[in-house]
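The next block holds one structure in the form of structure tokens; read it before the comments.
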Protein chains: 2
Amino acid sequence: MSRPRATPPAEQAFLAGYDPSCFPRPSVTVDVVLLAPLAGQLHTLVIRRLDHPFRGLWALPGGFIHLDESLEQAATRVLASKTGLDGVFLEQLGTFGAVDRDPRTRILSVAYCALVDPGRFQEVRVPAEDAAVGRISVPWAGEAGGPVALASPAHGDLELAFDHAEVIGLAVKRMRGKLDYTPVGFELLPPEFTLLDLQKVHETVLGRRLNKDSFRRRMLALGQLEATGEVQEGVDHRPAALYRRAKGGLAR
Amino acid sequence: MSRPRATPPAEQAFLAGYDPSCFPRPSVTVDVVLLAPLAGQLHTLVIRRLDHPFRGLWALPGGFIHLDESLEQAATRVLASKTGLDGVFLEQLGTFGAVDRDPRTRILSVAYCALVDPGRFQEVRVPAEDAAVGRISVPWAGEAGGPVALASPAHGDLELAFDHAEVIGLAVKRMRGKLDYTPVGFELLPPEFTLLDLQKVHETVLGRRLNKDSFRRRMLALGQLEATGEVQEGVDHRPAALYRRAKGGLAR
DNA sequence: TGAATAGTGTCTATAAGACAATATCCC
DNA sequence: GGGATATTGTCTTATAGACACTATTCA
């Protein structure tokens with residue numbers, strides 16, 4: 001949001017003479033944690049580093065920001081260029097700035113969380129040798145937080161570059177914290193879904209089982225769900241009703 | 001957290017030849033929202049800008065980061081240098097990066113929230129003409145979010161520089177969100193306090209009245225409070241028991 | 001004694017968990 | 001019909017809100 005303010009003449013003169021190099025400047029990157037629920041666990045995409053530093057290790061998709069784009073635009077651009085995805089829900093996670101987090105020079109990283117449903121996640125096509133879908137194992141309960149471990153069927157344990165294990169840990173922690181009072185779970189589902197689908201997403205993020213009856217009642221009582229009138233097809237049992245996110249999704 | 005990783009020789013050679021200026025770099029500042037509850041409302045400290053840009057308007061205490069300090073160290077340094085406070089609870093709020101948020105050049109701001117009790121807040125001594133304690137009026141309910149307005153007895157409505165009205169808005173929103181499941185309210189109180197003190201802090205942050213009975217039961221049930229065995233002194237009614245934050249304060 | 005707030009006990013309304021009963025699909 | 005899951009309804013238990021009552025201090 002820009003301020004509707006006229007720049008006074010004295011300030012214009014000052015601005016004309018301003019030298020950006022009068023303060024030391026760090027480099028700044030954005031890194032994107034692309035999250036999707038798959039087979040009951042959160043997964044994220046990491047890319048093998050072909051260059052120094054941390055060559056050969058795995059890193060979140062990221063890149064240096066441009067001076068003519070906002071942080072969110074940078075995250076959108078990086079995600080699109082590395083995965084081909086666009087129109088993805090993005091949320092800023094936090095900024096990592098330990099002095100020695102990058103051995104090259106002082107580099108800050110603004111981390112973003114990107115949420116997609118399993119279908120879109122599996123559409124992502126990147127050279128097989130250079131990317132891995134990592135299953136996130138969270139070694140802590142609740143919202144305690146901390147670094148996490150990643151593993152993939154193809155590459156086994158994925159050793160992460162930089163502080164990316166902590167970045168992914170913060171993403172999981174943030175998701176868990178937001179799930180109770182925001183409709184962020186919808187971002188991890190296709191447009192139409194059953195109540196059990198939604199419950200499984202919650203269970204996947206929280207890492208624990210939920211009571212089915214109470215979950216159903218709570219979700220329907222929130223008024224954020226709208227029945228489509230359709231039901232599942234092709235399941236070998238009674239089909240469940242399909243819901244979509246309600247248009248006037250009240251923010252709590 | 002630094003990685004316990006030996007740098008391979010090839011990477012050492014690469015690092016020796018790395019040129020930080022090969023990517024364009026923005027300037028980066030930290031801004032600190034110092035929050036304290038006073039007379040039933042959240043207040044924050046703002047400083048009148050003596051230089052361009054936004055000369056004469058009010059801004060959060062802030063400054064450019066140094067390349068040899070972490071972001072949190074920068075926030076600590078800025079807070080200490082502008083207010084004399086140290087040992088304050090600090091938490092990263094988010095990073096603001098709109099392209100035109102600063103008319104000088106591209107400047108990102110990493111915002112931090114600093115929480116103190118009313119006593120420490122009023123200890124802050126800065127030149128009277130240059131600083132104002134702003135009462136925060138929040139024009140939205142719940143956790144909706146958005147910019148807020150500031151006013152002070154001495155200077156009336158405080159027109160804020162940059163995007164600082166949004167930064168303060170995010171601080172309030174974050175505080176409201178965290179209050180339910182973290183002991184962050186303790187940071188806004190002196191070491192010993194009564195249950196009513198704690199309730200008033202919650203009411204101040206949330207901007208609404210809470211049920212006394214239920215609040216008392218809920219807080220005592222959390223197991224994060226420890227009775228000191230002492231009671232209030234010098235009040236003209238039955239003195240309330242004093243509590244302190246429990247040592248083994250269970251997270252949730 | 002009266003004003004004021006602290007603290008306790010009890011009742012009610014609401015939400016969560018447990019579980020039984022019935023519904024609807026595919027095979 | 002059998003297997004599987006959906007959906008509804010009821011019962012029990014935990015928690016929140018409301019409110020009455022007693023306790024303790026100062027003026």
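In what follows, every heavy atom counts, from backbone to side chain, and hydrogens, waters and symmetry copies are set aside.
- Look at CD on B:Gln199: it is 11 Å from P on D:dG17, rounded to the nearest Å.
- Atom-to-atom, NE2 of B:His237 to P of C:dG2 comes out at 20 Å; the value is rounded to the nearest Å.
- If you take NZ of B:Lys212 and C1' of D:dA18, they are 13 Å apart, rounded to a whole angstrom.
- One finds no salt bridge joining B:Lys173 and B:Glu143 here, because no Lys/Arg side-chain nitrogen approaches an Asp/Glu carboxylate oxygen to under 4.0 Å.
- In this structure, A:Met219 atom CE and C:dG17 atom P are separated by 12 Å, rounded to whole Å.
- Here A:Leu79 contributes atom CG and A:Leu85 contributes atom CG; the two are 5.5 Å apart, rounded to the nearest 0.5 Å.
- Per the geometry, CZ belonging to A:Arg218 stands 15 Å off C1' belonging to C:dT14, to the nearest Å.
- Between D:dA6, C:dG9, D:dT8, one nucleotide has an atom nearer to the side chain of A:Asp213 than all others, and that is D:dT8.
- When rounded to the nearest whole Å, the span between CZ of A:Arg238 and C1' of C:dA23 equals 4 Å.
- B:Ala221 comes within 4.0 angstrom of no nucleic acid atom, judged by non-hydrogen atoms across all strands.
- Nearest to the side chain of B:Ser214, among C:dA16, D:dC19, D:dA16, sits D:dA16.
- A donor and an acceptor atom never sit less than 3.5 Å apart when one is taken from the side chain of B:Arg217 and the other from the base of C:dG7.
- Under the 4.0 Å criterion applied to side-chain N and carboxylate O atoms, B:Glu187 and B:Arg245 are assigned as salt-bridge partners.
- Each of B:Val231 and A:Tyr243 was matched to the nucleotide of DNA chain D holding its nearest heavy atom; the match closer to the 5' end belongs to A:Tyr243.
- Taking for each of A:Val235 and A:Asn211 the nucleotide of DNA chain C with the nearest heavy atom, the 5'-most of the two is the partner of A:Asn211.
- The CG-P distance, from A:Leu196 to D:dA4, rounds to 16 Å in whole Å.
- Scanning all heavy atoms of the two residues, the minimum distance from B:Leu210 to B:His202 falls at CD1-CB, 3.6 Å.
- Closest of all the heavy-atom pairs between B:Cys113 and B:Leu35 is SG-CD1, 3.7 Å.
- Whole-Å rounding puts the B:Arg216 CZ to D:dA18 P distance at 16 Å.
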